[in-house]
Structure formats: structure tokens, C-alpha cells
Peer 1: 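I have a structure I would like to understand better, so I am pasting it below and will then ask my questions one at a time.
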Amino acid sequence: MAEYLTKLFIDGSWQDAISGETFAVINPADGSELVRIADANAEDMLKAIDSAQKAQAGWAATPALERSRILRKAAEIARADIDRLAHVLTMEQGKPLAQALGEITYGLDFIEWFAEEARRTYGTTVPSTGPDKRIVAIKQATGVSVAITPWNFPALQILRKLGAALAAGCAMIVKPAALTPLSALEIGKYFAEAGLPDGVLQVVTSSRASRVSEAIMSDSRVRVVSFTGSTEVGKVLMREGSTTMKRLALELGGHAPFIVFEDADLDHALEQLISVKMRNMGQTCVSANRIFVQRSIAEEFTRRVVERLSSMKVGFGTESDVEVGPLINAGAVDKVESHVADAIANGATVAAGGKRPSGAALANGHFYEPTVLTGVTDEMIIARDETFGPVAPIFEFDTEEEVIERANNSPFGLAAYFFTRDVNRLVRVSEALEYGTVGANDGSISAVQAPFGGVKESGIGREGGHWGMDDYMDIKYISLAGLTRP
Ligand code: NAP
């Protein structure tokens with residue numbers, strides 16, 4: 001059995017919660033308890049903020065080249081241990097091992113990307129208004145930052161924030177999701193081993209999110225909160241953060257349209273759909289949730305989607321041929337079931353799946369079969385709310401104008417995808433979709449060098465690329481006056 005880290009990582013040491021309390025981490029594949037870990041409360045979080053504040057000035061003053069070196073070293077240590085970390089991730093989250101490896105690799109790519117960006121946080125000089133003046137803009141670390149992260153990508157969501165924060169010179173406290181805290185603790189260990197000074201990274205696990213978050217949001221020493229999770233909690237943080245005017249970076253919910261025009265390369269569109277729909281059992285913010293297929297090709301395309309999804313193997317993520325693991329918990333399966341039931345009650349047809357798998361082997365886990373629904377309409381719940389499960393609802397459409405209007409008719413604006421061979425339509429539709437990220441003939445939008453993020457109720461800010469540093473740096477304008485020449 002794997003060994004798990006169980007304590008809070010505060011001020012460079014592994015500590016029990018002040019209360020001595022613990023909470024259980026559950027394996028979603030069979031409902032068993034993996035381990036009990038420290039359960040922080042507001043006092044533990046305050047201790048972490050004290051320590052981060054103490055470390056902040058020294059880290060910001062550390063030369064960028066040295067910060068960069070430590071980031072690269074941590075990535076190197078993690079890569080050497082990647083198989084074990086992937087196993088921990090699969091045990092706590094459920095996704096197939098190959099996907100866990102992919103997630104960690106991608107997350108570590110962010111650490112390396114930001115290790116390079118740390119060296120390029122250039123300032124600017126601007127022509128001034130007189131010979132005795134100079135206008136200089138420099139970038140400085142904003143201050144103590146906190147990452148609050150979700151359970152669907154327990155390593156990636158942390159690594160992407162951490163790379164940017166540390167590269168910018170900000171200390172960071174990580175509050176991982178209570179359902180998947182084990183990968184976060186491992187990440188803390190790698191950075192400690194890489195020589196990161198005490199207090200610059202701390203990992204505070206807790207089952208009392210709102211209480212520790214109140215301590216964060218009301219503390220004026222915390223200058224940046226980077227949150228990935230639901231729009232609902234994002235709005236709470238926005239309200240709470242207003243009292244101390246925190247900078248908020250919010251990566252929130254999505255409800256991605258995936259549009260297939262009749263002139264698309266259907267083989268390619270199908271491959272991209274399977275990958276973007278089924279990654280992490282459909283539990284991603286960029287999952288294809290509304291699959292719009294032009295009427296003339298709908299029957300053929302649906303037949304191929306059914307064929308592919310029906311052949312995917314469901315089971316324990318630790319088995320090498322499994323493609324679809326369990327959902328995160330019973331509530332997640334209930335939500336999927338309720339969306340499917342509502343769709344059926346309102347006229348949709350189940351073309352594949354539509355139920356929990358039978359058989360004793362999977363009976364204690366939170367499994368749901370890959371499912372295809374046809375005849376789905378915009379009035380059904382599944383058309384409005386994130387399902388966060390392995391369900392592919394197929395909507396039919398007639399014209400480009402109609403599908404753009406339907407795709408944009410959502411409070412969310414994170415990711416959208418469309419497929420066509422028409423070059424003019426590629427440009428037109430890319431520009432018309434009200435989304436922060438658009439895959440034009442592409443379902444593989446993940447790239448460390450790209451600015452990922454949403455518009456509307458999907459969030460504020462961009463993660464990745466050089467833009468990813470902006471949330472953690474202030475621009476200071478220095479007006480230098482009174483300069484004289486000899
Ligand atoms: P969630 O319930 O909003 O939780 C996210 C994080 O916030 C967790 O650490 C959670 O702690 C914490 N939290 C919960 N209630 C809180 C409160 N009142 N105050 C402060 N923190 C609180 O979201 P989730 O269910 O974990 O994740 C799924 C959602 O994340 C989906 O909507 C998905 O679309 C979105 N998401 C967005 C992106 C993106 O990049 N835009 C990426 C992935 C996921 P606990 O775990 O202890 O509850």
C-alpha cells in the first residue's frame with residue numbers, strides 16, 4: 001500500500017492541525033478510506049499566513065535566476081518520482097493512470113515554463129515629458145498569494161498557479177480540495193527538497209473550506225487569491241475579497257459547445273470529441289457539454305460517437321486498459337443521473353449507456369457508463385448546467401447563425417470548439433463565439449505557452465503563457481524628475 005503524507009506543510013515543517021483533528025480521504029473507485037490527514041481550521045491558516053508574510057520580502061528579493069533554478073530543480077525531483085505521484089493521484093481522484101501521468105507532466109511543464117518566464121519580467125522606459133524627467137515602469141511581486149483548487153485536476157491546478165506565483169516572487173499558500181489533498185502534499189515535499197526557503201510554499205489541507213477561506217479573505221496581508229472551481233464559490237470569494245481589495249484570479253465553470261459543421265473532417269472531429277468529452281470522465285471545465293451537429297450529418301456522426309463511447313472500458317484507473325474511471329463521489333453520479341432523467345422525461349433518447357455499470361466488481365465505486373443522448377433540446381437541464389460526467393448530449397442545428405446564437409446563449413464563456421473546412425467560416429465563427437478559449441478544428445487546447453481562461457461567468461484572468469505572471473505582479477510607475485546634465 002502506498003504511503004501518504006498526512007500533515008500540514010507550514011513554515012517548512014510537517015505539522016498536525018492545532019486542534020489535532022483529521023479527516024478521511026476516500027478512494028472513489030471502491031469507497032475505501034485511503035488515509036486520514038490533518039484538518040486545518042482558521043488558526044492553522046493564520047499560522048500559514050504569518051509564515052508566508054515573513055518569507056515574502058526575502059523571496060521577492062531573491063534574484064530571478066535563483067528563483068528560476070529552484071523551480072527547475074523541483075520539477076526535476078517531481079519528474080523522477082512521477083510514477084509514484086501518478087499512483088497517489090489516481091487513488092485519490094480515480095482517473096486512469098495514463099491520464100494522471102499526463103496531468104502531472106503537463107503541470108510540471110508549467111513549472112518549467114514559468115522558471116523561464118521568471119527571467120523575463122521586463123520593465124519599460126517611456127519617453128518623458130521633459131529633459132529632466134524619466135518615466136520608468138517596473139514589475140514587482142504583488143505579495144502573499146493563496147491558491148484554492150478543485151478536485152478534478154489535483155496536481156495540474158496547483159502547479160500552474162504555483163509556477164507563476166513563485167516565478168513572480170510571491171509566496172503561496174495552497175488550499176487543495178478536501179476530496180483530493182494528497183497530491184498537493186507531495187508537491188509541497190518536492191519544492192522543499194528543491195531548496196525553497198521555509199514559508200514560501202505551504203500546503204494547508206482542510207475539510208472546512210469556508211472557515212479557512214474566511215481567514216484568507218479577511219486578512220489584508222494576502223494580496224492575491226487564485227481560485228479554480230465553481231462559479232458559485234467564485235462569487236462568494238469576490239464578495240469576501242472586496243473588504244481587503246484582493247486581486248482575484250478566477251477560473252470558474254464552463255459549458256463548452258462543440259460544433260460540427262457538415263463540411264468538417266468528421267474523422268478528425270470525432271477523435272477530438274472523444275478526447276475532450278471523456279478526459280477525466282467528463283469532469284473538466286472545458287468538457288464538450290453541448291455537442292451541436294449540423295442536421296445533414298447528425299445521424300452518421302451520432303452513430304460513430306455511439307460506436308466509440310460504447311467500446312470504452314470502464315473500471316479502476318489503476319488497471320492499464322481502463323479508459324473510464326469512477327466519478328469523484330456519489331453526489332457526482334446523482335447529478336449525472338438527474339440530468340439524464342430530465343432529458344429523457346423531456347423527449348431525449350439514450351443511444352448508449354444511460355446507467356451505472358452492472359456487476360459486483362464496480363458496485364462500491366462511483367461509476368457511470370459512457371452515455372450518448374440524442375434529440376436533446378435547449379430547454380433541458382443538461383443544456384444549461386455543467387453535467388461533469390461522461391455524457392455526450394447531441395443537439396441538431398441547421399444554420400451557422402442559429403448555432404452561434406445557441407452556443408453563446410449561456411452565462412459561461414470558458415471554452416468552445418468548432419469544426420469546418422471553410423476558411424472564411426473558421427475566422428468568422430472564431431470571432432463570433434463569446435468564449436475565452438476557442439478550439440478551431442481543435443479539441444486539444446492545453447498548452448503552457450497559451451493564455452487560458454474564461455469570459456462572462458467563467459472567470460477573470462489568464463493562466464499560462466507570459467500572461468500567467470500578470471496576476472502575481474504589480475506594475476510600478478516611477479517618475480524620475482529633477483535630472484540635470486553637467
Ligand atoms: P468548488 O466546490 O467550487 O471547490 C473548489 C475549491 O473551493 C475547493 O478547494 C473547495 O474546498 C473550495 N471551496 C468550497 N467552498 C468554498 C467556500 N465557501 N469558500 C472558499 N472555498 C471554498 O468546485 P469543485 O466542485 O471542486 O470543482 C468543480 C468546478 O470547478 C466546476 O464548476 C468546474 O467547471 C470548475 N473548474 C474550472 C476550471 C477552470 O480552469 N476554469 C478548471 C477546473 C474546474 P472543498 O474541496 O473543501 O470543498
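All heavy atoms count here, side chains included; hydrogens, waters and symmetry mates do not. First listed ligand is number 1; within each ligand, the first listed atom is number 1.
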Peer 1: Tell me whether Lys175 has any N or O atom under 3.5 angstrom from an N or O of ligand 1.
Peer 2: yes
Peer 1: Below 4.0 angstrom from a heavy atom of Ser213, which ligand 1 atoms are there? Numbered from 1 as shown, please.
Peer 2: 19 (N), 20 (C)
Peer 1: For atom 3 (O) of ligand 1, what's the nearest protein heavy atom and its distance?
Peer 2: Ser230 OG, 2.6 Å
Peer 1: Heavy atoms only: which of Ala147, Ser210, Pro176, Ala256 is nearest to atom 18 (N) of ligand 1?
Peer 2: Ser210
Peer 1: Nearest protein heavy atom to atom 37 (C) of ligand 1, by residue and atom, and its distance?
Peer 2: Leu252 O, 3.0 Å
Peer 1: Would Gly229 count as being in polar contact with ligand 1, using the rule that some N or O on each side must be under 3.5 angstrom apart?
Peer 2: yes
Peer 1: Can you tell me if Arg290 uses its side chain to pair, donor with acceptor, with the backbone of His255 under 3.5 Å?
Peer 2: yes
Peer 1: Among Asn152, Thr149, Thr437, which residue places a heavy atom closest to atom 44 (C) of ligand 1?
Peer 2: Asn152
Peer 1: Do any nitrogen or oxygen atoms of Thr231 lie less than 3.5 angstrom from nitrogen or oxygen atoms of ligand 1?
Peer 2: no
Peer 1: Any salt bridge between Glu240 and Lys246, counting N to O under 4.0 Å?
Peer 2: no
Peer 1: Measure up the Phe292 and Phe395 rings against each other and bin them: parallel (under 30°), tilted (30 to 60°), perpendicular (over 60°).
Peer 2: tilted
Peer 1: Starting from atom 7 (O) of ligand 1, locate the nearest protein heavy atom and write down its residue, its atom name and how far away it is, to 0.1 Å.
Peer 2: Phe227 CE1, 3.2 Å
Peer 1: May I ask you to check if ligand 1 and Ala178 share an N or O to N or O distance below 3.5 Å?
Peer 2: yes
Peer 1: Is there a polar contact between ligand 1 and Gln157, counting only N or O atoms under 3.5 Å apart?
Peer 2: no
Peer 1: Please determine whether any non-hydrogen atom of Phe452 lies less than 4.0 Å from an atom of ligand 1.
Peer 2: yes
Peer 1: Would you call Lys456 and Phe412 a side-chain contact if the rule is heavy atoms closer than 4.5 Å?
Peer 2: no
Peer 1: Is it the side chain (CB and beyond), the backbone, both or neither of Glu386 that lies under 4.0 Å from ligand 1, heavy atoms counted?
Peer 2: side chain
Peer 1: Please determine which of Arg247, Lys139, Arg223 meets the salt bridge (Lys or Arg N to Asp or Glu O under 4.0 Å) test together with Asp474.
Peer 2: Arg247
Peer 1: Taking distance alone, with N or O pairs closer than 3.5 Å, would you say Cys285 contacts ligand 1?
Peer 2: no
Peer 1: If we set the cut-off at 4.0 Å for heavy atoms, which region of Phe153 has an atom near ligand 1: side chain, backbone, both, or neither?
Peer 2: neither
Peer 1: Got a salt bridge between Asp39 and Arg208, using NZ or NE/NH1/NH2 to carboxylate O under 4.0 Å?
Peer 2: yes
Peer 1: Ring-plane angle category for Trp151 and Phe388, please: parallel below 30°, perpendicular beyond 60°, tilted otherwise.
Peer 2: perpendicular
Peer 1: Identify the protein heavy atom lying closest to atom 27 (O) of ligand 1, giving its residue, its atom name and the separation to 0.1 Å.
Peer 2: Pro150 CB, 3.5 Å
Peer 1: Scan Gln283, Lys335, His339 and name whichever one has a side chain to side chain donor-acceptor pair (under 3.5 Å) with Thr387.
Peer 2: His339
Peer 1: Can you list the atoms of ligand 1 that are under 4.0 Å from a heavy atom of Ile148?
Peer 2: 6 (C), 7 (O), 9 (O), 12 (C)
Peer 1: Are Arg384 and Glu379 close enough for a salt bridge, meaning some N to O gap below 4.0 Å?
Peer 2: no
Peer 1: Tell me which one of Leu433, Val429, Val293, Ile259 satisfies side-chain contact (heavy atoms from CB on, under 4.5 Å) with Val403.
Peer 2: Ile259
Peer 1: Taking atom 48 (O) of ligand 1 as the point of reference, which of Gly331, Gly453, Ala209 owns the nearest heavy atom?
Peer 2: Ala209
Peer 1: Does Ala352 offer a backbone N or O that forms a donor-acceptor pair with the side chain of Glu369 under 3.5 Å?
Peer 2: no
Peer 1: Which atoms of ligand 1 sit under 4.0 Å from any heavy atom of Phe388?
Peer 2: 28 (C), 31 (C), 33 (C), 34 (O)
Peer 1: In terms of residue, atom name and distance, what is the protein heavy atom nearest to atom 26 (O) of ligand 1?
Peer 2: Trp151 CD1, 3.0 Å
Peer 1: Can you check whether Glu434's main-chain N or O pairs, donor with acceptor, with Asn408's side chain at less than 3.5 Å?
Peer 2: yes
Peer 1: Under 4.0 Å from ligand 1, counting heavy atoms only, is it the side chain of Val233, its backbone, both or neither?
Peer 2: side chain
Peer 1: Indicate yes or no: at least one non-hydrogen side-chain atom of Lys175 is less than 4.5 angstrom from one of Thr149.
Peer 2: no
